[in-house]
Protein chains: 2
Amino acid sequence: MTIRLLLADDQELIRHALGVLLDLEPDFEVVASVGRGDEVTAAALAHRPDVALLDIDMPGLDGLAAAAVLTAQVPECRVVILTTFGRTGYLRRAMEAGAVGFVVKDAPADALADAVRRVMAGERVVDPTLAAATLAAGESPLTARERDVLIAARSSATVAEIAARLYLAEGTVRNYLSGATTKTGTRNRMEALRVADERGWL
Amino acid sequence: MTIRLLLADDQELIRHALGVLLDLEPDFEVVASVGRGDEVTAAALAHRPDVALLDIDMPGLDGLAAAAVLTAQVPECRVVILTTFGRTGYLRRAMEAGAVGFVVKDAPADALADAVRRVMAGERVVDPTLAAATLAAGESPLTARERDVLIAARSSATVAEIAARLYLAEGTVRNYLSGATTKTGTRNRMEALRVADERGWL
DNA sequence: CCCGATTTCTGACAGATGTCACGGCGAATC
DNA sequence: GATTCGCCGTGACATCTGTCAGAAATCGGG
C-alpha cells in the first residue's frame, strides 16, 4: 500500500527536489505538487493524498491557514508542516490548525520520510529539539490587548495610526507596546514585534 | 566526462534533496556536501569539484565570503550561488566574489542542472528575472558615510553608541540615518536598514 | 453585596529620533 | 582662478517614543 503525498512549497526548485527525494522511497508516491497555499485544498480534493507536506511561507495563503482549511474539508488527509528553523514559534498554532507533524528543514535527510511513515501510523511527530525550544519559549506572557496592539503595529508604522485603528488613546498604545518590549526583553517595538512573531505569540 | 559537484547549504534536508536531484543527471556526480561556509574550501581541496553550488545563508562563513576564498584557492572550481529570492541584492557582490552563476530557489526545476552545464561551457548564468530586478534596484545611492553608519546601526541599537563607535557627533549620525531613510523610501532607520540590506547596498 | 486583584486605559514626563538650515572641504567644470 | 556641485560634519528644533504612577472598569471569591 503506497502512501500518497501532496507537496506545497513556493520555492519550485526545492519543491521539485523534495518530490524526487520522496518518490525514491518505494512506498511513497507524490500525487500533487503546488506552489501556493490557496491551491492546496483543491489539489487535495482532486488527488486525495494521505499526507500533505506544507511549507509555512507561501503566497496566497500561508501553510497554517491552508492546514486549517485542509483538515476541515479533507479530514482523512494528515498534515505535516515542513518549514525553516526560524519559524519554529508556529508549532503551537500548527497543532491547533490540525497538523499532526512538524519537521524542520535543518533536520537529517531521512527525518522527513520517517515523519511521514509515523504520521501514517497514527503518531504525532515533532522534532525533539524543536519541542524543547517551544517548551522553553513557553506560553505567551502577553495580555490580549498587548497582542492586539502588536498585531496592529505590524501594518501601521506610527503610534497614532494604531491608536486610531483600535479606538485607543495614544498613551494607551504606547503603554501596551512598552509592556510588550519589557516582556520580550527587547529595546523597541520593532524588535518586540519580531521576537513575539518568531515565538508564535501573535 | 562527468561534472563533479560540491554542494553547500545549511539546511540538511534541502541539501540532501538537491544532491539526490543532481545525482540523477547522468553526467553529474556530487562529490562533496557540506553544511557550513567554512568547510567549503577544505572540501574543495579534498575532492576537486568542477562546480561548487553555494547557498548564501550559512553558519561559519556566508556563501559570498566562501566564494571569494574558494575562487582564490581553487581557481579551477567554478562557483554558482544558489539562494532565496529575497537575497537577490547580493548578485553584484556575488559576481565580485568570483561567482559565475546565480540561481534562485524559486527557479523552474531544471534551471539548476541547466545552469551547471552552461557554466561548465564557460558561460555566465544569471536568472533573467533576477537580472532585471537587480538592474531596477540599481547602483547604491548611499554615500560612503551613510553606508558606514547603517552598518554600525546593524549591531548598535542606539544613536549614541553609533556616534561613539564612529567618533561622530550624535547629530551627524542622525543626519546620515535620515538620508538613508529618505533614499530607501522608508520611515525609520530599522526599515531603511532592512531595505538597504536586501538590495545589497551594504 | 463587597472587597481585593487583575486588566484596561489615561495623561505627564524625560529621553531618543528625525528633519532642517548651515558652514567647510575637495573635485570637476567653465 | 572662479564657480558650481556633491559630500561631510554640526547644532537646534519639533516630534515621536518609552516609562511611570495612578484612575476607571471588570471579574471572581467570600
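Chain letters run A, B, ... following the sequence lines, proteins first and then strands; every chain starts at 1. Note: hydrogens, waters and symmetry copies are ignored here, and every other heavy atom, side chains too, is used.
- If you take CZ of B:R189 and C1' of D:dC16, they are 12 Å apart, rounded to a whole angstrom.
- At whole-Å resolution of the value, CD1 in B:I162 and C1' in C:dA16 are 12 Å apart.
- Looking at heavy-atom distances under 4.0 Å, B:T181 makes contact with sugar-phosphate atoms alone, never a base.
- At a threshold of 4.0 angstrom between heavy atoms, the contacts of B:R174 include nucleobase atoms, whether or not backbone atoms are also involved.
- Closest approach to the B:L168 side chain among C:dT17, C:dT8, D:dG9 is made by D:dG9 (side chain taken as heavy atoms from C-beta onward).
- A salt bridge links B:D197 with B:R154: the closest approach of a Lys/Arg side-chain nitrogen to an acidic carboxylate oxygen falls below 4.0 angstrom.
- Among the nucleotides C:dT10, D:dT10, C:dT8, the one closest to the side chain of A:A144 is C:dT8.
- Within the 4.0 angstrom heavy-atom criterion, base atoms lie near B:T172.
- B:L193 and B:L150 make their closest contact through CD1-O, 3.4 Å (heavy atoms, listed as atom of the first residue, atom of the second, distance).
- The interatomic distance linking B:L142 (CG) with D:dC8 (C1') rounds to 15 Å, in whole Å.
- Checked by distance alone, B:N175 brings a side-chain donor or acceptor within 3.5 Å of a matching partner on the base of D:dT10.
- What separates CD of B:E170 from C1' of D:dC13 is a distance of 15 Å, to the nearest Å.
- For A:R189 (side chain) and A:A153 (main-chain N/O), no donor-acceptor pair under 3.5 Å exists by modelled atom type.
- Judged by distance alone, the side chains of B:S155 and B:R165 do bring a donor and an acceptor atom under 3.5 Å apart.
- For the OP1/OP2 pair of C:dA16 and a distance below 4.0 Å, the side-chain nitrogens and oxygens of B:T158 include no atom meeting the criterion.
- Between B:Y176 and B:V149, the closest heavy-atom pair is CD1-CG2, 3.7 Å.
- Taking atom CZ of A:R145 as the reference point, atom P of D:dA25 lies 16 Å away to the nearest angstrom.
- Computed from coordinates, the B:E191 CD to C:dT17 C1' distance equals 15 Å when rounded to whole Å.
- For C:dG18, the OP1/OP2 oxygens have no side-chain nitrogen or oxygen of B:T182 closer than 4.0 Å.
- One can place CE of A:M190 at 13 Å from C1' of D:dC16, the figure rounded to the nearest angstrom.
- Nearer to the 5' terminus of DNA chain D, by closest-nucleotide assignment, is the contact made by B:Y167 (compared with the other of B:Y167 and A:R187).
- Of the candidates C:dG11, C:dT8, D:dC8, the closest approach to any side-chain atom of A:T143 belongs to C:dT8.
- Residue A:N188 is in sugar-phosphate contact alone, with no base atom involved, counting any heavy-atom pair closer than 4.0 Å across all strands shown.
- For the pair A:R147 CZ and C:dT7 C1', the computed distance is 14 Å after rounding to whole Å.
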